[in-house]
K.L.:
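Sending over a structure as structure tokens; questions will come in a sec.
Below, read A as the first sequence line, B as the second, and so on, with proteins coming before strands; counting in each chain starts at 1. Computed from heavy atoms alone, side chains included, the values below leave out hydrogens, waters and symmetry copies.
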Amino acid sequence: MLDIALIRKNPDAVKTRLAARHGDWPAQIDAVLRCDVQRRQAETQLQTLQADRNRISKEIGAKKKAGEDTSAIEAQVRGFGDEMKRLNEQTAALDAEQRDLLLGIPNLPHENCPVGESAEQNPEVRVWGEKPAFAFTPKSHVELGEAHGLFSFERGTKVAGPAFVCYMGKGARLERALVNFLLDRQTGEGGYTEVAPPLLVNRDALIGTTQLPKFGDQLYHCADDDLFLVPTAEVPVTNLHREEILRADQLPIKYAAYTPCFRREAGAAGLGTRGLIRMHQFDKVELVKICRPEESAAELESLTADAERILQLLGLHYRTIELCTGDIGFGSAKTYDIEVWAPGQGGYLEVSSCSNFGDYQARRMALRYKGEDGKNQLCHTLNGSGTALARLYVALLENYQQADGSIVIPEILRPYFGADQIG
RNA sequence: GGAGAGGUGGCUGAGUGGUCGAAAGCAACGCUUUGCUAAAGCGUCAUACGGGAAACUGUAUCGAGGGUUCAAAUCCCUCCCUCUCCGCCA
């Protein structure tokens, strides 16, 4: 969330920067400010009363020790009770209201985040490789997968429901090969520490990384235990250090985690109609960084490079775009998306989204570090897919399909897959 | 799930209604001295939110939330977590 002190001090600058996003955020800023004034007023009144009470209570203690009568003075303080209770309730209510308002306001886009209305204005940052040429009409991964028995939507639907898939045989092996390849690469050359986190998380964790309170309708919820299936490893992994004060020499922290991701995709159009591209459950290797504020800009660049490296090693043509202010996620200050070419789709597929959240998540989860000056400061948090599996899987099948219908496995993946090709 | 024990500052650990935000020790940091890879002495050393230009100052926090009281780390209730034993179990 945003710093109330910053909003108080410089409301116009905050409004200007939020105006580049969609939504009536200036009105929300005014609402927070109104609440803040009331809250502090009530708080000051309460504290004054508490100070009086504390002072008099100490007097009573001293007098009792001295054997003096205190009944009159006790009766006087007794009268404080109702007013204190009232102010206490008022303060608590205003405090909760202010927090709710702040939780509902998105992050400020970074100063150098491109201004734009929608995805059409996202600038292309770089392109790697080029589209492969086919002497035949490339097939969709759905067709290829069916032909080779790699996965079955029918069986996924039978045991779970629409938009679930079941990988089978060589298809399951390929998925596992990709997971292992990604983890080995990111924990080896990439320098990330591997984490295997819980797949169910609590509310506090989801508030910390901004999925709650606003986007709860996208989460699978286990009501009996009030736990949620992770929509991304970002949630458990970033929250690993919530409410901690880290030592400066621990930073930057770099984690890589493989998990399935569960998303309800409520209201999503075309769900399940395009094969593996949008599913309720998909695998992902996520990269998470916790660092000092002055490091986060450079860490985002290297994080994005770590994700891109995967596609380079697999020989897949991709482009990297930067999200403009109208398209950027709720908690992010700056985001790069990596899109891989999928010939069977005739388009690019988003396989990674790399974001710098600045101190926005860290403030929500009270994640700090002790600086050299001994002062506690909020960390910056970042995350990015390194990468998502299902769409990578799609790209692999579609880019490496041959005229005879077989699929060549890229060299680097062969030790993991145990064969040179499928079919 | 059942029985018992317990949750205090970075750590260990006192504290069972009143000058306790909390003794003591350890660790850390600063200074001094001696000198050498260590010791001694002194000092500093939790967090959040307010007020103040600042010096400084107020309030809250001893797992969380409620209650009793003029006053709660300390008494009462509820919940959470940890440990031990039992049960169940991949």
K.L.:
Can you check the distance between B/U57 and B/G4, where both ends of the measurement are the P atom (answer in whole Å)?
P.N.:
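Their P atoms lie roughly 49 Å apart.
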K.L.:
Mind calculating the distance between NZ (A/Lys9) and P (B/G50) to the nearest angstrom?
P.N.:
14 Å
K.L.:
Heavy atoms from C-beta onward define the side chain here; which of B/G67, B/G50, B/C70 lies closest to that of A/Arg40?
P.N.:
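Among B/G67, B/G50, B/C70, the one nearest the side chain of A/Arg40 is B/G50.
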K.L.:
For RNA chain B, whose closest nucleotide is more 5', that of A/Gln50 or that of A/Asp36?
P.N.:
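The residue mapped nearer the 5' terminus is A/Asp36.
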K.L.:
Output the single nucleotide from B/C70, B/G58, B/G50 whose closest atom is nearest the side chain of A/Lys64.
P.N.:
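Of all the options, the side chain of A/Lys64 is nearest to B/C70.
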K.L.:
What heavy-atom pair brings A/Tyr400 and A/Gly315 nearest, and what distance separates the two atoms?
P.N.:
OH-O, 3.4 Å
K.L.:
Between B/C62 and B/G10, how far apart are the two P atoms, rounded to whole Å?
P.N.:
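14 Å, rounded to whole Å.
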K.L.:
Does A/Cys35 offer a backbone N or O that forms a donor-acceptor pair with the side chain of A/Gln38 under 3.5 Å?
P.N.:
no
K.L.:
Just checking A/Lys370: base, sugar-phosphate only, or nothing, at a heavy-atom cut-off of under 4.0 Å?
P.N.:
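If one applies the 4.0 Å heavy-atom cut-off, A/Lys370 turns out to touch the sugar-phosphate alone, with no base involved.
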K.L.:
Now, which nucleotide makes the Watson-Crick or G-U wobble pair with B/A3, with each of the two distances under 3.5 Å?
P.N.:
B/U84
K.L.:
Whole angstrom is fine here: how far is it from CG in A/Asn202 over to P in B/C81?
P.N.:
11 Å
K.L.:
Among B/G18, B/U47, B/A60, which nucleotide sits nearest the side chain of A/Asn376?
P.N.:
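Output: B/U47.
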K.L.:
How is A/Ile60 classified with respect to the nucleic acid when contacts are heavy atoms under 4.0 Å: base, sugar-phosphate, or nothing?
P.N.:
base
K.L.:
Given atom CZ of A/Arg39 and atom P of B/A48, what is their separation to the nearest angstrom?
P.N.:
14 Å
K.L.:
First locate atom OG1 of A/Thr335, then atom CD1 of A/Ile328, and finally report the distance between them rounded to the nearest 0.5 Å.
P.N.:
4.0 Å
K.L.:
Return the nucleotide paired to B/A40: Watson-Crick means purine N1 to pyrimidine N3 with N6-O4 or O6-N4, wobble means G-U with N1-O2 and O6-N3, both under 3.5 Å.
P.N.:
B/U32
K.L.:
For nucleotides B/C45 and B/C31, find the distance between their C1' atoms and express it as a whole number of Å.
P.N.:
15 Å
K.L.:
For A/Arg55 and B/C70, is the shortest distance between a side-chain N/O and OP1 or OP2 below 4.0 Å?
P.N.:
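A/Arg55 to B/C70 OP1/OP2: no side-chain N or O under 4.0 Å.
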K.L.:
Round to a whole Å and report the spacing from CG of A/Asp204 to C1' of B/G65.
P.N.:
14 Å
K.L.:
Atom CG of A/Leu367 to atom C1' of B/U47: distance rounded to whole Å?
P.N.:
15 Å
K.L.:
Among the candidates B/A48, B/C70, B/G50, find the nucleotide nearest to the side-chain atoms of A/Arg78.
P.N.:
B/C70
K.L.:
Tell me the interatomic distance from A/Ile73, atom CD1, to B/A71, atom C1', rounded to whole angstroms.
P.N.:
12 Å
K.L.:
When you measure from the side chain of A/Arg414 to the backbone N and O of A/Ile409, does any donor-acceptor pair fall under 3.5 Å?
P.N.:
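Side chain of A/Arg414 to backbone of A/Ile409: a pair is present.
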K.L.:
Where each residue is assigned the nucleotide of RNA chain B containing its nearest heavy atom, which of A/Ile4 and A/Ile245 is assigned the position nearer the 5′ end?
P.N.:
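The residue mapped nearer the 5' terminus is A/Ile245.
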K.L.:
Is any side-chain nitrogen or oxygen of A/Asn54 closer than 4.0 Å to OP1 or OP2 of B/C70?
P.N.:
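A/Asn54 to B/C70 OP1/OP2: no side-chain N or O under 4.0 Å.
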K.L.:
How far does the C1' atom of B/C79 sit from the matching atom of B/C26, given to the nearest Å?
P.N.:
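To the nearest whole Å, 34 Å.
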K.L.:
Shortest non-hydrogen contact from A/His241 to A/Leu246?
P.N.:
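Looks like ND1-CD2, 3.8 Å.
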K.L.:
Nearest-Å distance, CD (A/Glu74) to C1' (B/G18)?
P.N.:
12 Å
K.L.:
Which base, if any, makes a Watson-Crick or G-U wobble pair with B/U69, both distances under 3.5 Å?
P.N.:
none
K.L.:
Given A/Gln361 and A/Glu234, is the side-chain hydrogen bond (donor to acceptor under 3.5 Å, both in side chains) satisfied, shown in steps?
P.N.:
CA-CA 11 Å; A/Gln361 292 183 329; A/Glu234 165 197 352; 2.9 Å; yes
K.L.:
Quick check: does any side chain N or O of A/Gln421 sit under 3.5 Å from a backbone N or O of A/Gly423, one acting as donor and the other as acceptor?
P.N.:
yes
K.L.:
Does B/U74 pair with anything, Watson-Crick or G-U wobble, both distances under 3.5 Å, and if so, with which nucleotide?
P.N.:
none
K.L.:
Measure the acute angle between the ring planes of A/Tyr220 and A/Phe262, then classify it against the limits of 30° and 60° as parallel, tilted or perpendicular.
P.N.:
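Correct class here is perpendicular.
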K.L.:
Consider the side chain of A/Ala51, meaning its heavy atoms from C-beta on, and name the nucleotide among B/G67, B/G18, B/G58 that approaches it most closely.
P.N.:
B/G58
K.L.:
State the pairing partner of B/A90; accept Watson-Crick or G-U wobble contacts with both distances under 3.5 Å, and report none otherwise.
P.N.:
none
K.L.:
Using purine N1 to pyrimidine N3 plus N6-O4 or O6-N4 for Watson-Crick, or N1-O2 and O6-N3 for G-U wobble, both under 3.5 Å, which nucleotide pairs with B/U16?
P.N.:
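Base partner found: none.
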K.L.:
In the strands shown, is B/A22 matched to any nucleotide by a Watson-Crick or G-U wobble pair with both distances under 3.5 Å, and which?
P.N.:
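In the structure as shown, B/A22 has no Watson-Crick or wobble partner.
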K.L.:
Pick base, sugar-phosphate or nothing for A/Arg363, based on heavy-atom distances below 4.0 Å to the nucleic acid.
P.N.:
nothing
K.L.:
Rounding to the closest angstrom, what is the interatomic distance between B/U69 and B/G13 at atom C1'?
P.N.:
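To the nearest whole Å, 29 Å.
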K.L.:
Considering only atom C1', compute the distance from B/A5 to B/G63 and round it to an integer number of Å.
P.N.:
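Straight-line distance between the two C1' atoms is 16 Å.
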K.L.:
To the nearest Å, give me how far apart CE (A/Met84) and C1' (B/U69) are.
P.N.:
11 Å
K.L.:
Taking the P atom in each of B/A46 and B/A22, what is the distance between them to the nearest angstrom?
P.N.:
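Straight-line distance between the two P atoms is 10 Å.
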K.L.:
In Watson-Crick or G-U wobble terms, both distances under 3.5 Å, what is the partner of B/U61?
P.N.:
B/A46
K.L.:
Any donor-acceptor pair, under 3.5 Å, between the side chain of A/Glu43 and the base of B/G50, if you only look at N and O atoms?
P.N.:
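No, no donor-acceptor pair under 3.5 Å.
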K.L.:
Please determine whether a side-chain nitrogen or oxygen atom of A/Arg368 lies at a distance below 4.0 Å from atom OP1 or OP2 of B/A46.
P.N.:
no
K.L.:
Please report the distance separating the C1' of B/A71 from the corresponding atom of B/U16, rounded so that it comes out in whole Å.
P.N.:
15 Å
